[in-house]
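Encoded as structure tokens, the structure appears first; notes follow it.
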Amino acid sequence: MERRNSCVSCERSVLRRRRHRLTQMFLERYHDYAVLLLQEIMPREIAFDGTLSICNPCWLRFYRAVQVRPVDDPLPQQVQEPLNEQIPLHENFNSAHVLDIIELYEWRLERGTQLDFENVEEIDDNELHFYTGMDKIQFNNILNQTSSLRDRTNSSATVLGLYLVKIRTGEPDERIASMFNMSRRTLVRKLKIARECLSEEFVPRHLGLDHMTREDVVARNLTIPSHIFGGNQNEPAAILVCDGTYIYVQKSSNFLFQRRTYSLHKFRNLIKPFLIVCTDGYIVDVLGPYPAITTDAEIMRHMMEEEVWYWFLNANDIFILDRGFRDSIPAIEEHGYDAHMPPTRTRGEQLSTVDANKSRLITMCRWVVETINGRFKKDFKIFRHVYFNVALTNMMTDFKITAALINATYQPYRDNAHAAEFINIINENINRENELADYVIRNNLNRQRVAFTPIEANNPELRDFPQLTYDELFLFTLGIYHLKLAKSYCHEHMRPNGVYIMELYHRRELVENKILIRGRIQSRHIRAKRYYTYILINPALQGRQSLEGYYCSCIHGRRTVGSCAHIASVVYFLSWAIYQEEFHAPAAFLDETLVDLDAAE
């Protein structure tokens, strides 16, 4: 069976390269090319019905072969096989080639652009998604919901398609205009029409406090945030997650604008849109843009002063925030709402078990706003680039339209398949004290070396360490994030000699004859910083239950709900990675990209 997204000749993908569809018109227009193609792929047979394609390099090979020898003659073996030999055109260039070039140019003008949005059903699905981020159903739905486009232009689908290509690819106006065979001025006029129509008609349907109610927000609460913060199940609270994001802009000769947009945190010029999302990732509203010198707390205090929130939310509704909002907490509570933020610590101190657990619970719910921020720059590249100042007047309009498109075309996040198990783990451990941490600190084990014996992670003495499945590791870390970090930490510590060095506590009588393992984990941020991780194993138990206690000297090391990434790396390696046939290091190809002066000496 032929693969429709591959060249029938060389079998390379044609999803993101120029292609020539094998239609009946191709067979009639390029009969000699078709004969060469059929002879090359014998005994395979293909149909010229438009479902298959050849890539442009193969088309050029056939073109050159036809120019060199008539196709009616019996083809030699070297032409019947892959036709990889490149025949230099300049040796046989003549008037026939000039006529062919003119014919190709005329054919290209007749064909026009590959993206004929007025006939969107004829566009390849992958090509449409590549340039617009939509499928045909979504494209038509957006067009139908923006009827004013038809009132203002006779080519409404083209106008919409051009705008989607602009925000999706972030390409300059000149390049997009060239792609669609129009002048830059015409393109700018069409983009303006699309921007105005979408902003006036499409955005209010999918963004803002007028398009949904508080009950809609409550209905979008996921199970884990509802369990942790939702309170009374008979009267559930609306849970909102807030955060700001950055759009980088150019320097300006307007010195006031230059000062207000320069961030001492990022050392760049930027402006800040502000997102308010539900716990399933649905965007409630977008505010701003705000100057770079405006903090998230100042934005939140200003938001609390707007009367619109009084009739939208009820008392005791919940905001999930990060530490940048700490100065706005009194204002939020003054208006009758509850705010939850990861606890802060004083310099040089470790979070208590209670605070470390609370921090983990908040990050389990707050990750959605970070992924939504990422969608803007990942899927709509216009926001990934540095914004030109001359285009800043349209930036926030484009940002709101994009937010509405995300709401209209993306599926909301659903409850994790392990949500019920996560809740059980939280209930079991939320109030549990970290007794191993107390023992390590009381006996000052971080400074003891004699009490520990260095061993390699594959040493038989560690055979009592439980072997876990990947799902059990997922439950141990309460999510995928720490598992991804664990893999990178493993690669870091296996790099010198291919083994993971651990230390075994040989005073087992002091830990009730259980096994205490210590690891030294290099910080991923600071070269001179290492963290001590401790894991207490009860050989009498099986599976995850045998990991009776764990502690790390990092800021979150005392938590009992989940674990930090340093502990997760040790558990990941000893319980799962060493049992795999091969360990694939993440991004290992980057090791060879830098010049190591120490190794060169």
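Throughout, numbering of the chain's residues begins at 1 and tracks the sequence.
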Under 6.0 Å from the [atom1] atom of [X], do we count more than 12 heavy atoms belonging to anything else shown?
| X | atom1 | value |
| --- | --- | --- |
| Leu590 | CG | yes |
| Phe388 | CZ | no |
| Glu121 | CD | yes |

Quick one: [atom1] on [X] to [atom2] on [Y], what's the gap to the nearest 0.5 Å?
| X | Y | atom1 | atom2 | result |
| --- | --- | --- | --- | --- |
| Arg259 | Tyr262 | CZ | OH | 14.0 Å |
| Arg326 | Asp296 | CZ | CG | 10.5 Å |
| Leu270 | His265 | CG | NE2 | 9.0 Å |
| Ile276 | Asp285 | CD1 | CG | 5.5 Å |
| Leu222 | Ile228 | CG | CD1 | 11.0 Å |
| Phe422 | Asn416 | CZ | CG | 4.5 Å |

Considering only NZ, NE, NH1 and NH2 on the basic side and carboxylate oxygens on the acidic side, decide whether [X] and [Y] come within less than 4.0 Å.
| X | Y | answer |
| --- | --- | --- |
| Arg559 | Asp355 | no |
| Arg152 | Glu196 | yes |
| Asp327 | Arg301 | no |

Determine whether Phe380 and Leu164 satisfy the following criterion, side chain to side chain contact (heavy atoms under 4.5 Å, CB included), listing intermediate values before the conclusion. CA-CA 9 Å; Phe380 300 91; Leu164 294 177; 6.0 Å; no
Test item: [X] side-chain N/O and [Y] main-chain N/O as donor-acceptor pair under 3.5 Å:
| X | Y | result |
| --- | --- | --- |
| Ser328 | Ala331 | no |
| Asn357 | Val561 | yes |
| Gln350 | Cys552 | yes |
| Ser569 | His566 | yes |
| Gln138 | Thr409 | yes |
| Glu492 | Gln522 | no |
| Thr371 | Val368 | yes |
| Ser178 | Glu174 | no |
| Asn221 | Ala237 | yes |
| Arg384 | Lys377 | yes |

Kindly indicate, with the supporting measurements, whether the criterion side chain to side chain contact (heavy atoms under 4.5 Å, CB included) is fulfilled by His340 and Ile318. CA-CA 8 Å; His340 296 277; Ile318 295 166; 3.6 Å; yes
Does a side chain donor of either [X] or [Y] reach within less than 3.5 Å of an acceptor in the other side chain?
| X | Y | result |
| --- | --- | --- |
| Thr363 | Arg360 | yes |
| His482 | Tyr572 | no |
| Thr223 | Ser226 | no |
| Asp317 | Asn314 | no |
| Glu201 | Ser147 | yes |
| Asn269 | Gln250 | no |

Which heavy-atom pair separates [X] from [Y] by the least distance, and what is that distance?
| X | Y | value |
| --- | --- | --- |
| Cys55 | Cys7 | N-SG, 3.3 Å |
| Ser155 | Lys190 | OG-NZ, 3.6 Å |
| Val369 | Asp243 | CG2-CB, 3.7 Å |
| Leu198 | Tyr163 | CD1-CD2, 3.6 Å |
| Pro236 | Arg214 | O-NH2, 3.3 Å |
| Lys381 | Lys378 | CG-O, 4.4 Å |

Would you say that [X] contacts [Y] through its side chain, given a criterion of any heavy-atom pair below 4.5 Å between the two side chains?
| X | Y | answer |
| --- | --- | --- |
| Phe319 | Leu313 | yes |
| Val165 | Leu162 | no |
| Leu128 | Asp135 | no |
| Arg220 | Pro412 | yes |

Start with the C-alpha gap between Gln145 and His206, add the side-chain angles, then the distance that decides, and say whether side chain to side chain donor-acceptor pair (under 3.5 Å) holds. CA-CA 11 Å; Gln145 293 179 38; His206 300 281; 2.7 Å; yes
Partner set under side chain to side chain contact (heavy atoms under 4.5 Å, CB included) for His129, not counting sequence neighbours: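 Once residues adjacent in sequence are excluded, the partners of His129 under the side chain to side chain contact (heavy atoms under 4.5 Å, CB included) criterion are Arg168.
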Aromatic ring proximity, centroids under 6.0 angstrom, Phe399 and Phe376: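 Ring-ring flag for Phe376/Phe399: true, centres closer than 6.0 Å.
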Are Tyr282 and His211 an aromatic pair, judged by ring center distance below 6.0 Å?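 Yes, the ring centres sit under 6.0 Å apart.
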Is the [X] ring parallel, tilted or perpendicular to the [Y] ring (thresholds 30°, 60°)?
| X | Y | value |
| --- | --- | --- |
| Tyr387 | Phe383 | parallel |
| Tyr337 | His335 | parallel |
| Phe274 | Tyr290 | perpendicular |

Determine whether Glu333 and Asp338 satisfy the following criterion, side chain to side chain contact (heavy atoms under 4.5 Å, CB included), listing intermediate values before the conclusion. CA-CA 6 Å; Glu333 295 176 344; Asp338 293 336; 5.7 Å; no
Filter on salt bridge (Lys or Arg N to Asp or Glu O under 4.0 Å), then keep only pairs touching residues 397-417, sequence neighbours left out; what's left?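 The answer is Arg195-Asp398.
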Identify, with sequence neighbours excluded, every residue that meets salt bridge (Lys or Arg N to Asp or Glu O under 4.0 Å) alongside Asp151.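 Applying salt bridge (Lys or Arg N to Asp or Glu O under 4.0 Å) to Asp151 gives none.
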Stepwise, does the side chain to side chain donor-acceptor pair (under 3.5 Å) test hold for Asn394 with Thr397? CA-CA 5 Å; Asn394 298 322; Thr397 302; 5.4 Å; no
Identify the residue among Val386, Ile271, Ile382 that makes a side-chain contact (heavy atoms from CB on, under 4.5 Å) with Ile247.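 With Ile247 as partner, Val386, Ile271, Ile382 yield a single side-chain contact (heavy atoms from CB on, under 4.5 Å), made by Ile271.
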Can Ile555 and Glu349 be said to form a side chain to side chain contact (heavy atoms under 4.5 Å, CB included), step by step? CA-CA 7 Å; Ile555 178 177; Glu349 292 188 1; over 6 Å; no
Show your reasoning for whether ring-ring contact (aromatic ring centres under 6.0 Å, His included) applies to Phe117 and Phe139. CA-CA 10 Å; Phe117 291 110; Phe139 183 90; 5.6 Å; yes
